[in-house]
Amino acid sequence: MNKDWFVLLVLLPPLLAFLLMVAGRRILSKRMTSLFGVLSTGISLVFSLVLLVSSLRSGVSLPDWEFTWLTLDKKPIQFGVTLQPLNVLMLVIVSLVSFLVHIYSSGYMKDDERFTVFYSYLALFTFSMLGLVISPNLLQIYIFWELVGVCSFLLVGFWYFKPEAKRAAQKAFIVTRIGDIGLFIAIAMIFAKIGSFELHDLKGAIEAGKLSSGMITLFAILIFIGAVGKSGQFPLHTWLPDAMEGPTPVSALIHAATMVAAGVYLVANTFWLFQASSVAMDVIAYVGGFTAIFAATIGIAQTDIKRILAYSTVSQLGYMMLALGSVGYVAGVFHLMTHAFFKALLFLAAGAVIVSLHHEQDIRKMGGLWKKNKGLGWLFLIGCLSIAGIPPFSGFFSKDEILLSVYANGRYGLFIVGVIAAFLTAFYMFRLFFKVFAGSHEPKTARVPWSMTGPMIVLAILSAVAGFIQFPTHFLETWLITGGMKSLHGPESIAWIPVLAVIVSLLGISLAYLMYGVNKWDSRRVAQAVPWLHQCLVRKYYVDEMYHSLIVLPLKGFGWLLQVWDRYVIDGLVQLCGWISMRVGKIGSTLQNGQAQTYALISVVSFVILIVSLLAGRLFG
Amino acid sequence: MTWSQWLPTLITFSPLLGVLVIWMTPREKATLHRMMGIWATIPPLVLAWIMYSQFDSTYVGMQMKQAITWIQVATFWKISYSMGVDGLSMPLVFLTGLISTLAAVASFLIRERTKQYYSLFLLLEVGMLGVFLANNLFLFFIFFEITLVAAFFLVGIWGYFDKEKAANQFLLYNGLGSGFMLLAMIALFRLTGTLDYLEVQMWMQSKASPVSPTLLWIIFISLLVAFAIKLPIFPFHTWMLRMHVEAPTPIVMIHSGILLKMGAYGLLRFGVGWFGAYMKEIAYILIALGLINILYGAVLAFVQKELKRVLAYSSISHMGILLLGIASLTTIGLQGAIFQAVSHGLISALMFFIVGSLYERTKTTELDRLGGLARSMPVLSGILMVAGLALLGLPGLSGFISEFLAFLGLFQVHPEWAAVGSIGLVLAAVYTLRAVLKTTFGPIKDQWMGLEDIQIKEWLPMFILVGFIALIGVYPKLLEESIQVTLYQMVSKIGG
């Protein structure tokens with residue numbers, strides 16, 4: 001059966017929902033809006049699943065199609081769809097999380113007066129993200145890449161009247177755009193070199209040896225710069241924690257499960273390019289590894305519930321990059337998937353915590369929530385266990401695969417970094433958990449509606465069981481690498497690695513328990529013992545301050561300098577010339593004293609010259 | 001001889017009909033003038049649409065061409081009245097028709113001496129249409145001068161506080177540009193005996209009689225300077241800053257939307273079309289100037305304290321991108337330049353319309369005094385956001401595809417300089433978001449709480465502009481098809 005048009009059924013419903021909501025912004029009730037939103041993403045989800053089933057069944061990639069969007073220098077530029085296993089997997093992840101977040105938002109945002117605007121942005125985001133993950137060429141990827149970026153910007157700044165939200169939105173856009181320019185340059189250079197944006201043409205050119213190794217490395221690194229921006233890797237990570245100013249469902253959907261993983265997806269999608277350059281692979285592995293541990297250490301000292309999760313996201317994305325840089329293609333993609341589930345769960349649960357504590361986000365003011373809302377406690381706990389890598393939760397399996405690939409790739413230094421980061425992850429996650437849920441304190445809580453609990457339950461189940469698609473049968477791997485990616489088979493498992501991973505995680509949890517669960521060890525004493533380190537972590541290693549004084553201030557200063565130059569030197573010269581010509585004009589004729597006359601003079605002189613020249617022509621000709 | 005030959009002439013002079021009618025009305029009936037003024041811009045728009053539908057995108061060279069000998073001196077020198085359209089002018093003619101109509105609607109902001117205003121306004125439209133449809137440099141020059149005179153009075157009489165100075169500087173600079181053009185025209189005429197585009201082009205190809213290259217260089221440089229001032233290219237830009245700040249809203253829409261594009265058109269038509277080989281030799285200088293424009297304009301846009309000045313400097317930056325596209329002298333780059341001319345024309349017209357509507361309500365465009373307007377004016381703020389996103393090159397809107405193509409063309413020949421220029425794309429995001437968010441985001445000041453949102457006469461034209469911006473962004477083929485053939489021919493003649 002020809003399923004070409006199924007893709008349209010995945011893509012179009014959110015787009016239609018967006019257009020409908022923009023047009024009917026004034027007349028749609030909240031009920032209708034959320035109904036449209038949920039329905040449209042529901043349809044997307046259903047047809048994504050249909051595509052998934054048929055991809056699993058046929059074992060080969062589904063038919064792709066394209067149409068001509070533009071002609072450049074006689075070359076048709078295509079727009080189209082590709083449905084390799086990776087694309088289909090991403091479709092399912094995106095439409096699933098988006099569907100759940102749409103349901104959740106109807107509860108979370110119910111009191112906001114710009115409800116319809118919120119849903120319209122969500123719908124536009126879903127459409128763009130779905131478009132991104134089925135793009136067969138770089139130009140199309142870039143277009144959707146920017147569109148998801150702008151949706152993220154709009155949603156971060158959704159509460160536009162808050163100065164922090166305004167700043168965060170602006171920062172999110174600009175910092176990611178710095179990365180995007182890398183991608184932009186890569187795309188343009190690739191086109192200049194091979195005359196096509198199509199990924200398979202690029203792949204063909206590499207396989208045919210048409211590109212020098214220097215070129216390949218350059219392209220790979222430029223593309224990776226784009227991924228660094230989007231996926232919040234060091235040094236462009238600073239926007240992601242600030243993006244937590246957006247509503248929590250947005251943080252779950254965009255800044256945890258889908259968009260920020262787009263960088264990882266991009267690298268995975270062009271993996272053959274990176275594999276052709278060992279330098280590029282090293283760069284990814286080291287940037288990823290460094291980001292993983294760097295963000296994890298910051299996560300320890302933060303006090304805002306959402307910011308802790310944000311640094312955790314940065315750290316986990318670093319993990320995925322580390323995996324990819326160590327040829328752990330399947331491991332990276334697998335972790336992308338499990339992370340989407342458990343991190344979305346954690347964010348939604350954090351949102352529920354925030355709602356039930358009357359919009360409190362500071363964990364120092366929390367505690368004792370377990371007694372009040374056990375259900376929420378369990379959901380949160382599942383997320384924490386999963387991210388900490390405790391079997392049999394999904395995070396355990398994917399993290400194990402990452403550590404395994406790093407080890408098998410011979411990157412022992414980074415392997416140790418990964419293990420330490422795993423310890424830190426377990427520690428800061430359970431610090432958060434105990435801070436919020438443990439303690440004798442009895443907070444006043446608000447009710448969490450079912451529309452919010454339902455999606456969390458689904459995600460909790462997925463977080464708990466999703467690991468089994470890779471264990472014990474390597475089912476995911478077999479599917480993902482169908483079609484010529486045989487070299488990407490994961491390494492044979494090594495028994496001591498998962499054992500080590502679990503031990504360090506348990507150590508992290510125990511330490512968190514002692515410090516924050518039962519308050520055996522006073523955390524403040526630890527902070528006071530090394531105040532400079534604590535301050536350094538609280539201030540996130542001063543990266544923001546550094547950017548401010550090294551980039552923003554010099555740019556402003558330079559701008560003012562140019563302003564003075566433009567106003568007094570350039571314009572001054574002009575004024576001087578004007579003044580001189582006015583003087584000359586005044587000397588030449590006392591009658592001429594206005595602008596109209598000046599103009600008349602110029603015109604008359606012009607026409608005299610013209611006529612004289614014509615006459616001269618007649619005389620001489 | 002078919003009827004379509006009359007189209008260029010008809011389009012060009014059709015606004016005069018409105019001038020005649022307006023002259024017959026009493027001087028104090030402002031509303032009537034307004035209605036007449038808007039209606040008078042409809043015929044050229046409709047005719048431009050008919051022209052577009054008649055346009056044969058596979059035809060090489062000028063079509064719908066009409067040529068009548070006009071002034072003849074001896075047998076060698078002759079000037080013909082020749083009009084016609086090709087892929088280069090078609091999009092700009094339509095753009096002119098569209099923006100003129102919308103600017104006529106935006107002219108409700110003009111309250112004094114409406115009779116003269118609309119007469120001059122329509123005269124300005126005649127000049128603009130003529131500039132793009134003329135097939136002869138002499139004719140081009142006359143239409144060019146008409147736009148100058150009309151714009152001068154429109155700014156000088158109906159502008160804001162410092163209008164005289166702005167109008168004067170506009171005149172001084174553009175008069176200087178015209179002087180250069182005149183010089184080039186006379187020299188060229190003495191050499192070739194014709195000013196017809198096609199004939200000059202053929203003469204340039206063959207060079208039947210031996211000519212000193214110095215003289216040709218002088219002619220070329222004169223033309224270049226004339227249009228560099230118009231575009232404007234650094235350091236000839238200060239006049240347009242004043243113009244942007246002081247001109248009344250509808251005129252600044254036209255100025256930034258169309259008049260600046262006449263500079264781009266001149267560079268393409270005469271620079272690339274006639275002197276392609278010479279362009280190639282100074283391509284490096286043009287690239288350098290383009291980069292300066294991009295970065296200089298962007299950095300200055302970032303530190304401006306007033307909305308109109310941000311937009312003025314951003315225009316300089318965007319014209320730098322256009323110049324880079326031209327300087328690449330590749331099909332894709334030139335295509336990008338034309339796209340950029342059209343796209344920036346639409347976007348800046350929209351931007352200045354929004355700013356005009358804003359000023360009507362707040363009586364200030366100082367960024368520090370604005371803020372939080374999204375609360376009291378959600379529709380205006382929403383459109384401003386879309387316009388800002390278009391300005392910073394968001395895919396799906398026209399700004400992206402045009403800038404992308406201009407850069408792509410340069411990447412084909414000088415990737416290193418193109419990469420330097422891409423920094424401008426980051427800066428564009430920086431200054432645009434700063435300006436837009438300072439206006440509409442953040443806490444609202446009490447004094448802006450009671451502002452009324454825009455009305456239909458404002459949002460309808462704005463939506464139309466947004467519609468075209470999105471249409472080109474989503475489906476660029478629409479614009480691309482008509483210009484392809486002309487571009488291939490142009491590039492094939494550049495040689496080197």
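Order of the sequence lines fixes the chain letters, A, B, ..., with proteins taken first and strands second; residue numbering starts at 1 for each chain. The figures here come from the full heavy-atom set of this structure, side chains too, leaving out hydrogens, waters and symmetry mates.
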Notebook entry, point to check: Should Tyr160(A) and Leu437(B) be marked as a side chain to side chain contact (heavy atoms under 4.5 Å, CB included) after you check the CA-CA gap, both sets of side-chain angles, and the distance that decides it?
Noted result: CA-CA 9 Å; Tyr160(A) 62 88; Leu437(B) 299 193; over 6 Å; no

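- Contact of Val474(B) with chain A is made through the backbone alone, with heavy-atom distances under 4.5 Å.
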Next item on the list: Show your working on ring pair (Phe, Tyr, Trp, His ring centres under 6.0 Å) between Phe184(A) and Phe400(B) and close with a plain yes or no.
Entry: CA-CA 11 Å; Phe184(A) 179 89; Phe400(B) 166 72; 7.2 Å; no

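- Highest contact tally toward chain A, considering only Ile444(B), Leu487(B), Ile332(B), Leu300(B), is held by Leu300(B) [criterion: heavy-atom pairs under 4.5 Å].
- Heavy atoms of Ile181(A) lying under 4.5 Å from chain B belong exclusively to its side chain.
- With a 4.5 Å cut-off on non-hydrogen atoms, Phe79(A) does not touch chain B at all.
- With contacts defined as side-chain heavy-atom distances shorter than 4.5 Å, the pair Val303(B)/Leu562(A) does not qualify.
- Between atom CD1 of residue Ile187(A) and atom CZ of residue Phe404(B) there is a gap of 6.0 Å, rounded to the nearest 0.5 Å.
- For Lys74(A), the parts lying near chain B are the backbone and the side chain together; criterion is any non-hydrogen pair under 4.5 Å.
- Contacts of Lys438(B) with chain A are made by both backbone and side-chain atoms, with heavy-atom separations under 4.5 Å.
- The CG atom of Asp571(A) lies 4.5 Å from the CZ atom of Arg242(B); values are rounded to the nearest 0.5 Å.
- Of the listed residues (Asp566(A), Leu72(A), Ile185(A)), the one with the most heavy-atom contacts under 4.5 Å to chain B is Asp566(A).
- When heavy atoms are compared at a cutoff of 4.5 Å, Arg167(A) does not approach chain B at all.
- Chain A forms more heavy-atom pairs under 4.5 Å with one residue of Glu480(B), Glu481(B), Gln335(B), Gln412(B) than with any other, namely Glu480(B).
- You'll find the ring centres of Phe407(B) and Phe191(A) outside the 6.0 Å limit.
- For the options Leu573(A), Leu555(A), Leu154(A), heavy-atom pairs under 4.5 Å to chain B are most numerous at Leu555(A).
- Here the CG-CG distance, from Leu70(A) to Leu479(B), works out to 9.5 Å after rounding to the nearest 0.5 Å.
- For the set Gln484(B), Met385(B), Arg375(B), the count of heavy-atom pairs under 4.5 angstrom toward chain A peaks at Arg375(B).
- Applying the side chain to side chain donor-acceptor pair (under 3.5 Å) test to pairs two or more places apart or on separate chains, those with a residue in residues 146-157 of chain A are Glu146(A)-Arg177(A), Ser152(A)-His255(A).
- Proximity to chain B (any heavy atom under 4.5 Å) is shown, for Arg114(A), by neither the backbone nor the side chain.
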Next item on the list: Carefully, step by step, assess Leu394(B) and Phe153(A) under the rule side chain to side chain contact (heavy atoms under 4.5 Å, CB included).
Entry: CA-CA 12 Å; Leu394(B) 180 76; Phe153(A) 157 79; over 6 Å; no

If you look only at distance, which donor and acceptor atoms sit under 3.5 Å apart when one is on a side chain in residues 420-434 of chain B and the other is two or more places apart or in another chain?
from: Ser422(B); atom 1: OG; to: Ala418(B); atom 2: O; distance (Å): 2.8
from: Ser422(B); atom 1: OG; to: Ala419(B); atom 2: O; distance (Å): 3.0
from: Thr432(B); atom 1: OG1; to: Ala428(B); atom 2: O; distance (Å): 2.5
from: Arg434(B); atom 1: NE; to: Phe302(B); atom 2: O; distance (Å): 3.3
from: Arg434(B); atom 1: NH1; to: Phe302(B); atom 2: O; distance (Å): 2.9
from: Arg434(B); atom 1: NH1; to: Gln304(B); atom 2: O; distance (Å): 3.1
from: Arg434(B); atom 1: NH2; to: Gln304(B); atom 2: O; distance (Å): 2.9

